[in-house]
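Numbering of ligands and ligand atoms starts at 1, following listing order.
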Amino acid sequence: MRKNKPTPTVQSLFEPRSIAVIGASASPGKIGHSIMNNIVSGGYRGSVYPVNPKGGDMFGLPVARDINDIEDDIDLVSISVPAPLVLQAVEACARKGVKHIQIITSGFSEIGNTEEEHRIADIARDHGIRVLGPNIFGLFSAAASLNATFSASTIPSGHVAILTQSGALGIAMIGKTGVENIGLSAIVSLGNKCDLDEADLLEYLVAQEQTKVILMYIEGVKDGEELISALNRATRHKPIVVIKSGRSKRGAMAAASHTGSLAGSDAVFDAIMRQCGVLRADSIEEAFNWCKFLAFSPLPSGNNTVIVTNGGGVGVMATDACERFGIELLDDQAALKKIFGPATPSFGSTKNPIDITGGAGAPDYELALSAPVGSEQIDATIALYCETATFDSNNLAAMISDTFTRHRTAGKPISYAVVGGEKVDAAMRKLVVENVPVYADVYDAVSAMGAAYRYRRFQSDRPDQAEMAEIDLARIEAVIDNALAENRTFLLSNEGAQVMEAAGITIPQTRVVKNIDAAVHVADEIGYPVVLKIVSRDILHKSDAGGVALDLDDRTELVDAYEAILHNARQYDPNATIDGVEVAEMIRPGTELIVGARVDQSFGPVVMCGFGGIYVEVMKDVAFRASPLHRNEVLAMLKEIRSFPILMGVRGEKQRDIDTVIDTIIRISTIIERCKKITDIEINPIVVYGQGEGIKALDARILISKINTGGKPS
Ligand code: COA
């Protein structure tokens, strides 16, 4: 639990005044040697203390035989001794009273050695030490010129911070940032996350000026609720790009009749990232493309984008990609003609895409790309270039560099795609050095702009405070306690109905009566048509026994049916005890949704909704959100369902009662938030009627836990 955690600030991890290296080695090729070498040659400004029982000197520094021989206070210790020696090294650090430890060593929970890792974490926590790792490649922090990694490449300083759970991928990313000239403000390997995790480190990176974009590679989430809060705070200030492995849906939808199964963890992760305003990339390439764009370009301030091209084909490709990435193209033909007319030949086109044609030379591009800079109607530009004989590609880098700078100074983003041969490649390499984001593919240029748009829209449409509904908590808890007293971990259908009622969710009206007069009275109250069902603990299959009568339109039909089903039941089983007859509202058909909530192992309470009924498994049309949530977020979740247009009404149908659906989802979210013994709720179907006509929750299945889990499943 976090409350037991010690409190040295994460700033002293990223900006330590002193660092000791336990396992420092003078032997080239050893990890302890690489770390020492990187710290010393990286220009770290604090004090460095190699620690090795052999003593002596290395890298021109005296070697302490034990960390406790060092007189100075130590902010950060790097440990790279074999796994069996790590615990005693951590104990020595505890005696010394250090602030942070990074444990490079592998051989802990990642291979099942969980106990040792827990012991290390416990000692650290008891002594107020924060731990990075184990099983990491280390930490680079530009703010302290500290390269405490064993990476073979030097790390250029810049504006992107990387948090990575995979060490190998992290090291590869360092290499790639070098090639692409994406300077880093920090790169931290998180490894097994026995203590410090993404949420802790985000706190520092969000406040740190140099970091403009944060890239995270995540494999698994340990404390999802904390991560959600950290991401929500972080995306207020800077864009976050995430790559998470495990997108495959295999198995996630396997048992679709159950909310828990529908909430395949990757689908939940994906939804929650979107909810937090995090940009999830599909590949490392895409993530880097986005990062370099977001690090060096301003965000668009409105929705009007133009595509400027010298090739019709790439213009069409970019138009398609814009649709895919939700980029709106300026469509005011008169304005476009006025703005781009002077730069477009008569055989070109000022319709968006603006085609300045294959004959365009560098001056034509300069002219066309200058137009958006001063235009109030244009917020962003996608500039495409195909190599032609009329544009000497030797001038390409200068043209791009110049127009990019002018756009940036005007606070407008511009994304370039350049397609061609060697000279175009050379231009790209030149631009990479100048930190101008240029892409070799139209799709990449548009995708990067799309990421900027998504982040900007999230910032402007950020939902307000989450909402909770009024529910009768005491009544719900009484129902649960009753079930638990009977050793059940599920509620019976009538108990589920009681929970719905207590939460203010409309269920079909139903009552059990003992005689015809009472049945008539109840049916009058409910309103015709009604349904009658025999109630007998001895008759499980009511329909088989002729114990069900549907669609009874008036008193006469009701009385006849009442007598008939009693007669049928007695015929079916003369010894059956008849407890009464259920009079229920006949449910009109409507649009069927599924709504549910569960306590996710990683992220805590999560809600879902989707297209329901018996086709849930086939349709797999569901959306998720972390709970609690605001109405706008619920609406956004509903809009993610492919079948959302059905709720809006198709072919002259009336719009469905979306307001009541939103209200119901908030009520379900409130139940899972406030009733800590409920782990799963699924209502399938919820029948939704026309606008203002409400919903009916037909079948609520609820799972409960014996332990009050405080939001986590037992
Ligand atoms: N205090 C300080 N130094 C100590 C020590 C102690 N108590 N006990 C041993 N050492 C020294 C060793 O003498 C050696 O120095 P030397 O070269 O002068 O002899 C140094 O620490 C390293 O120990 P060694 O036994 O040589 O181990 P190693 O370098 O072969 O391997 C690890 C150590 C940590 C690198 C290895 O166990 C490991 O975990 N490798 C995987 C790391 C990894 O991949 N991490 C994840 C990356 S994503």
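The side chain to side chain donor-acceptor pair (under 3.5 Å) search around Asp69 returns none, not counting sequence neighbours. Not counting sequence neighbours, the partners of Tyr204 by the ring-ring contact (aromatic ring centres under 6.0 Å, His included) test are Phe14.
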N/O donor to acceptor pairs below 3.5 angstrom from side-chain atoms of residues 143-157, sequence neighbours left out:
from	atom 1	to	atom 2	distance (Å)
Ser145	OG	Arg45	NH1	2.9
Asn147	OD1	Thr149	N	3.2
Asn147	OD1	Thr149	OG1	2.7
Thr149	OG1	Ser151	N	3.1
Ser151	OG	Ser153	N	3.1
Ser151	OG	Ser153	O	3.0
Ser157	OG	Gln210	NE2	3.0

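By the 4.0 Å N-to-carboxylate-O rule, Lys244 lies close enough to Asp266 to be salt-bridged with it. Using a 4.0 Å cut-off between a side-chain N of Lys or Arg and a carboxylate O of Asp or Glu, Lys176 and Glu285 qualify as a salt bridge. Ionic pairing of Arg598 and Asp600 is present here: one or more N-O contacts between side-chain nitrogen and carboxylate oxygen are shorter than 4.0 angstrom.
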N/O pairs closer than 3.5 Å, ligand 1 and protein:
from	atom 1	to	atom 2	distance (Å)
ligand 1	3 (N)	Gly23	N	3.4
ligand 1	15 (O)	Asn52	ND2	3.0
ligand 1	17 (O)	Ser25	OG	2.6
ligand 1	17 (O)	Lys30	NZ	2.9
ligand 1	18 (O)	Asn52	ND2	2.9
ligand 1	18 (O)	Lys54	NZ	3.0
ligand 1	19 (O)	Lys54	NZ	2.5
ligand 1	26 (O)	Lys30	NZ	2.6
ligand 1	39 (O)	Ser106	N	2.8
ligand 1	45 (N)	Ile104	O	3.0
ligand 1	45 (N)	Ser106	OG	3.1

